[in-house]
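We're numbering straight along the sequence, starting at 1.
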Amino acid sequence: RGLGDVYKRQGGKKTEKVEGCYYTVFCQDRQYMTLRVSVPGDARIDDATVDKMPHVEFEGLEVHLYYIDRRPIITVTADNVRVAKF
C-alpha cells in the first residue's frame with residue numbers, strides 16, 4: 001500500500017536528496033501485520049500498479065530489530081522490489 005520517498009540524511013538531518021523509496025506491505029500470513037520496506041535507488045513499482053495492491057517480491061531483504069525505551073523497533077530494507085508472477 002502506497003509508497004514514499006526515502007531522503008538522504010546528513011548530520012542527523014533530512015536533506016532534499018531522494019535516495020530510494022519505501023513500501024508499506026501487508027503480510028497476510030502474519031495476521032495482516034504491516035511492515036515498511038525501504039528500497040534504495042530507482043527500484044520502483046509504478047503508482048497505478050501499487051494502487052492495485054499487488055503481491056510483491058523483494059530481493060536482498062534484511063530485517064533489523066532494536067529497542068528504544070524497551071520497545072521493539074523493526075526496520076526492513078531490500079535491494080530490489082518487483083511484482084510477483086504467479
Heavy-atom closest pair (Arg9 atom, Lys14 atom, distance to 0.1 Å) is NH1-N, 3.4 Å
| said: Strictly distance-based, threshold 3.5 Å: is any side-chain N or O of Thr15 a donor or acceptor partner for the main-chain N or O of Gln10? | reply: no
What one should report as the nearest heavy-atom pair of Ala78 and Leu61 is CB-CD1, 4.0 Å
Original post:
Under 4.5 Å between any side-chain heavy atoms of Pro72 and Leu65, yes or no?
Top reply: yes
Count I, L, V, M, F, W, Y as connected when their side-chain heavy atoms are under 4.5 Å apart, and connections chain through other members. Are Val63 and Tyr66 then in the same cluster? no
According to a hydrophobic-cluster definition based on side-chain heavy atoms being under 4.5 Å apart (Ile, Leu, Val, Met, Phe, Trp, Tyr only), do Met33 and Val56 belong together? yes
Correct closest heavy-atom pair for Arg82 and Ile45 would be C-CD1, 4.1 Å
Joint hydrophobic cluster, Val25 plus Ile73, side-chain heavy atoms closer than 4.5 Å | no
hydrophobic_cluster_shared for Val18 and Tyr23, side chain cutoff 4.5 Å:
no
Across all chains, not counting sequence neighbours, the side chain to side chain donor-acceptor pair (under 3.5 Å) partners of Thr49 are Asp46
Heavy atoms of Asp79 and Val39 approach each other most closely as O-CG1, 3.9 Å
When rounded to the nearest 0.5 Å, the distance separating OH of Tyr22 from OG1 of Thr24 is 6.0 Å
Might you confirm whether atom CG of Asp69 has over 12 heavy atoms from other residues, nucleotides or ligands at distances under 6.0 Å?
-> no
For Val81 and Phe58, the nearest pair of non-hydrogen atoms, with its separation, is CG2-CE2, 3.4 Å
Tyr32 and Phe26 have their tightest heavy-atom pair at O-CD2, 4.2 Å
The ring-ring contact (aromatic ring centres under 6.0 Å, His included) partners of His55 (sequence neighbours excluded) come to Phe86
